[in-house]
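Source: prediction; values computed, not measured. Numbers here are sequence positions counted from 1.
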Amino acid sequence: MQSLEQIPFLPIEFFKGQEVVSRAFTPQAIFKSSGTTQQNRSRHFVADVSFYKQHAQLLFEDAYGPLAGCVVLALLPSYLEQGDSSLVMMIDHFIKATGQTEEGFYLHNHNDLREALKSAKAAGKKVYLFGVTYALLDLAEEISPEEGEGIVLFETGGMKGRRREMIREELHAILSKAFGVAAIHSEYGMTELLSQAYSQGFGIFQPSRTLRILIRDVNDPLAVSAVSSSGGINVIDLANIDSCAFIETKDLGKLYSDGSFEVLGRFDNSDVRGCNLMVG
């Protein structure tokens, strides 16, 4: 093979029915995708949990700066209830890395979360709030813009059948107004990847140091391009050293000339999965 475009990418569905590993090992964790009871959950066998945690922190701090001294709060009820979530493990590690005294995770106890926001802001700390989409919309109906002003708000995707689907622009407009923030941040990540990419607004993601996006023709999965174009998203994740680094996702996206990318939606009939799979 003479180029990246010639490498075959593994369809992401293989993580549902197969043990996708590059070598024999005893997994320290098995991450499972979010989904309904009618769906098979994808599984990612992880050889070294400490590597995943340290790597996730490195990529986040590349984008946002040191976690130490900040406060991380998370409204992720469905992920907590289902268990085996890579997102929950990542956020839990972030919470510990901050050294914060505030509780980090919240289910449906919005009053406690609002008190934690108030306390952290009063102490002059930078606050990151991660939330599954439907839960943030629930909170948006209770919170005032003054309470949210100044925080960094991440929506991680996922209506989970709780609310009507909406385009990204509509969703972010609702959340921005309710929380009093100028932009809604997002994370592009999934069970099958150990790397993440972050958007600091307008749905444009910056690739991290170990993640690269290529675009494939929607009618020909072998026609892959690394130049600016639209189509199916193929991901190269160099952190996936124990599984597969070349993955053909079910996301539709657009690649820009500077390497940044946008997620436009999902292929028809593909499973609805977080994180951040809102149609733009």
Residues forming a ring pair (Phe, Tyr, Trp, His ring centres under 6.0 Å) with His93, sequence neighbours excluded: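 For His93 there are no ring pair (Phe, Tyr, Trp, His ring centres under 6.0 Å) partners, ignoring immediate neighbours.
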All ring pair (Phe, Tyr, Trp, His ring centres under 6.0 Å) counterparts of Phe51, not counting sequence neighbours: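 Residues passing ring pair (Phe, Tyr, Trp, His ring centres under 6.0 Å) with Phe51: His55.
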Between the side chain of [X] and the main-chain N/O of [Y], is any donor-acceptor distance below 3.5 Å?
| X | Y | value |
| --- | --- | --- |
| Arg216 | Ile233 | yes |
| Lys53 | Met89 | no |
| Gln82 | Leu80 | no |

Ile30: hydrophobic cluster co-members (side-chain, 4.5 Å):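 When side chains under 4.5 Å apart are linked, the cluster holding Ile30 also contains Val21, Phe25, Phe45.
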Minimum side-chain heavy-atom gap Phe105-Asp92 below 4.5 Å: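 Yes, their side chains come closer than 4.5 Å.
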Min side-chain heavy-atom separation Asn240-Phe246 under 4.5 Å: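 Asn240 does not reach Phe246 side chain to side chain.
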Atom of Phe202, atom of Arg168 and distance for their closest heavy-atom approach: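 The pair with the smallest heavy-atom distance is O-NH2, 3.8 Å.
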Identify every side-chain donor-acceptor pair in residues 63-71 under 3.5 Å, counting partners at least two apart or on other chains, and give the distances.
from  : atom 1 : to     : atom 2 : distance (Å)
Tyr64 : OH     : His185 : ND1    : 2.8

Near-ring test Phe31/Tyr52, centroid separation under 6.0 angstrom: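 Yes, the ring of Tyr52 comes within the 6.0 Å limit of the ring of Phe31, centre to centre.
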Qualifying residues under side-chain hydrogen bond (donor to acceptor under 3.5 Å, both in side chains), relative to Glu13, sequence neighbours excluded: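 Glu13: side-chain hydrogen bond (donor to acceptor under 3.5 Å, both in side chains) contacts with Lys250.
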Mutual orientation of the aromatic rings belonging to Phe261 and Tyr188 [parallel < 30°, tilted 30-60°, perpendicular > 60°]: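 It falls in the perpendicular class, over 60°.
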Aromatic ring pairing Phe60/Phe94, orientation class (parallel under 30°, perpendicular over 60°, tilted between):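 If you compare the ring of Phe60 with that of Phe94, the planes turn out tilted.
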Qualifying salt bridge (Lys or Arg N to Asp or Glu O under 4.0 Å) pairs, either residue in residues 173-182, two or more places apart: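 Of all non-adjacent pairs touching residues 173-182, none passes salt bridge (Lys or Arg N to Asp or Glu O under 4.0 Å).
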